[in-house]
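See below for the structure under consideration.
Start at 1 and go down the list; that is how both ligands and their atoms are numbered. Atom set for the values below is all heavy atoms of this structure, side chains included, hydrogens, waters and symmetry mates excluded. Only a predicted model underlies this, so the values are computations on that prediction, with no experimental measurement involved.
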Amino acid sequence: MDLILGIETSCDETAAALYSGQHGLLAHALHSQVAAHARYGGVVPELASRDHIRKLPGLTQQVLDEAGLSVAQLDGIAWTRGPGLPGALMVGAGFARALAWGLDIPAIGIHHMEGHLLAPLLEPHPPAMPFVALLVSGGHTLLVHVTDLGDYRLLGESVDDAAGEAFDKVARMLELGYPGGPAIAKLAAQGRPGVELPRPMTQRPGLDFSFSGLKTAVRQYLQEHEGEGGEERGDDKDETAISTLRADVAYGFQEAVVDTLLIKCRRALAATGSRRLIVAGGVGANARLRERLNAAAQCDGFSVHYPRLELCTDNAAMIAYAGYRRLCRSAREPLLADLDFSVRPRWPLTELAAVS
Ligand SMILES: Nc1ncnc2c1ncn2[C@@H]1O[C@H](COP(=O)(O)OP(=O)(O)OP(=O)(O)O)[C@@H](O)[C@H]1O
Ligand SMILES: [Mg+2]
């Protein structure tokens with residue numbers, strides 16, 4: 001088992017990648033559908049599925065060409081089985097399963113969040129297990145104790161909005177585009193301290209998160225200081241004052257999220273006795289979060305590991321890598337016999353079992 005093709009189609013990104021056990025990540029390619037969904041204000045599942053169908057064969061050929069390889073050289077195919085949009089997942093599943101059947105090689109359905117979780121291990125000097133993983137993406141905010149491949153103990157999670165979702169919703173209030181995270185980070189760089197916002201669920205013990213109240217606090221702050229959602233601007237507020245206020249709000253919001261994540265990471269490390277933290281998912285690309293975590297790591301004496309920026313958000317490199325790790329440990333026969341496939345649009349990470 002060496003060369004694995006990874007396929008990712010869980011939401012609005014179509015991606016393909018090639019991972020080799022011997023040579024590492026050989027190629028990865030991605031097509032984002034953000035522009036196609038932008039005018040609808042959210043992802044339209046049917047459009048997403050159709051676009052995956054259009055883009056997947058070309059992206060697969062592209063990574064093979066980039067690596068100078070042919071499909072005949074593949075040893076296995078990994079595809080995202082869930083969680084995600086059912087139709088979108090079906091496209092990747094059908095494509096991967098059919099190709100694997102045609103090539104007479106194993107195919108394996110991967111949990112999308114396991115992909116995110118293993119992504120930092122694609123980088124040089126990967127941490128050994130066990131470690132604590134902070135998964136902060138558009139749909140999830142999870143703290144997980146990882147003891148082995150597939151052995152994931154949930155330490156805490158968001159009881160409402162995910163961190164990335166909060167970035168996206170606050171970005172909308174600030175009339176910034178989607179995805180909100182990068183737009184807020186950019187605006188926050190021009191902001192100043194002064195907008196005090198809550199650090200939800202940090203006053204009491206525990207490792208769960210809540211970001212919905214923080215979002216509401218931002219809305220209230222904006223209503224009080226610039227009229228509802230910024231739409232009813234008072235005569236005395238000129239555009240410059242509003243831009244300054246919004247930059248300060250972006251700064252205050254980002255600090256509140258980063259502080260909250262940092263407090264819980266420290267708690268999780270203390271609770272597990274672990275000295276290694278990995279951070280993955282789109283919010284893991286946030287420069288301020290990385291700056292604060294790096295400082296805390298130096299101060300407290302733990303190591304912190306991230307994927308390179310483009311592997312924080314959805315990609316197929318993480319799926320190919322997770323597939324490689326799992327296929328190396330699985331027997332070939334049962335995988336080949338299992339010719340049918342199913343997707344898991346809802347699939348808790350903790351339902352995975354350790355791979356013996
Ligand atoms: N620099 C950044 N700072 C903060 N948030 C960011 C940054 N870059 C991306 N994000 C956020 O990351 C999210 C996208 O990440 P990702 O692609 O991992 O999530 P997803 O695939 O939509 O969700 P899930 O993996 O949970 O299904 C968006 O909410 C986006 O706003
Ligand atoms: Mg994702």
Side-chain angles (χ1 to χ4, degrees), residues 6-15 30-34 37-38 42-43 45 48 52 80-86 88-89 92 110-120 133-142 144 157-158 160-174 176-189 191 209 211 214-215 250-251 253-262 278-293 306-319 322 343-349:
I7 300 289
E8 158 63 37
T9 63
S10 66
C11 190
D12 58 347
E13 255 110 23
T14 320
L30 180 138
H31 169 75
S32 169
Q33 303 177 355
V34 165
H37 300 287
V43 178
H52 288 311
T80 303
R81 188 173 176 216
L85 300 169
L89 291 166
I110 296 295
H111 193 293
H112 179 82
M113 298 313 291
E114 178 175 68
H116 276 303
L117 190 153
L118 297 177
L134 172 70
L135 296 181
V136 267
S137 59
H140 296 81
T141 306
L142 305 173
V144 183
E157 65 183 323
S158 178
D160 41 54
D161 293 354
E165 196 180 349
F167 267 99
D168 294 333
K169 287 179 176 170
V170 168
R172 226 172 301 156
M173 289 179 213
L174 296 173
L176 303 170
Y178 178 87
I184 289 194
K186 198 167 158 211
L187 186 59
F209 302 89
F211 290 107
L214 177 57
K215 179 190 68 192
Y251 180 94
F253 168 75
Q254 181 173 257
E255 287 305 299
V257 174
V258 167
D259 252 353
T260 306
L261 295 174
L262 175 58
I278 69 116
V279 181
V283 181
N286 187 275
R288 183 67 176 148
L289 176 66
R290 289 185 176 211
E291 187 187 353
R292 296 283 309 281
L293 282 171
Y306 316 89
R308 72 198 79 165
L309 290 183
E310 81 252 32
L311 299 188
C312 281
T313 41
D314 285 355
N315 65 85
M318 65 188 195
I319 303 302
V343 295
R344 297 280 311 267
R346 291 174 189 279
W347 191 8
L349 182 67

Run the numbers for me: atoms of ligand 1, each under 4.0 Å from some heavy atom of [X], listed by number.
{"X": "H140", "result": "24 (P), 26 (O)"}
{"X": "H116", "result": "18 (O), 25 (O)"}
{"X": "H112", "result": "21 (O), 25 (O)"}

Side chains of [X] and [Y]: does their closest heavy-atom pair fall under 4.5 Å?
{"X": "H111", "Y": "R344", "value": "no"}
{"X": "V257", "Y": "V136", "value": "no"}
{"X": "T80", "Y": "L89", "value": "yes"}
{"X": "P345", "Y": "P83", "value": "no"}
{"X": "M318", "Y": "L117", "value": "no"}
{"X": "H112", "Y": "D314", "value": "yes"}
{"X": "N286", "Y": "R292", "value": "no"}
{"X": "Q33", "Y": "T14", "value": "yes"}

Kindly say whether [Y] contributes a backbone atom to a donor-acceptor pair with the side chain of [X] at under 3.5 angstrom?
{"X": "S158", "Y": "D160", "answer": "yes"}
{"X": "H37", "Y": "P45", "answer": "no"}
{"X": "T9", "Y": "A88", "answer": "yes"}

Close N or O approach ([X], ligand 1; < 3.5 Å):
{"X": "Y178", "value": "no"}
{"X": "G139", "value": "yes"}
{"X": "G181", "value": "yes"}
{"X": "F167", "value": "no"}
{"X": "D314", "value": "yes"}
{"X": "T313", "value": "no"}
{"X": "G138", "value": "yes"}

Starting from [atom], locate the nearest protein heavy atom and write down its residue, its atom name and how far away it is, to 0.1 Å.
{"atom": "atom 7 (C) of ligand 1", "answer": "G282 O, 3.5 Å"}
{"atom": "atom 31 (O) of ligand 1", "answer": "D168 OD1, 2.7 Å"}
{"atom": "atom 3 (N) of ligand 1", "answer": "N286 ND2, 3.0 Å"}
{"atom": "atom 24 (P) of ligand 1", "answer": "S137 OG, 3.4 Å"}

Is it true that [X] lies under 4.0 Å from ligand 1, counting heavy atoms only?
{"X": "M113", "answer": "yes"}
{"X": "C11", "answer": "no"}
{"X": "C312", "answer": "yes"}

Q. Taking the Mg ion (ligand 2) as the centre, how many protein N/O/S atoms fall inside a distance shorter than 2.8 Å?
A. 3
Q: Of all the heavy-atom pairs spanning C312 and A285, show the shortest one and how long it is.
A: SG-N, 3.7 Å
**Q.** Distance (rounded to the nearest 0.5 Å) between K169 NZ and L214 CG
**A.** 12.0 Å
Q: Using a 4.0 Å heavy-atom cut-off, say whether E13 meets ligand 1 through its side chain, its backbone, both or neither.
A: neither
Q) Is the F211 to F167 ring centre distance short of 6.0 Å? A) no
List, one per line, each side-chain donor-acceptor pair under 3.5 Å for residues 177-189, sequence neighbours excluded.
none

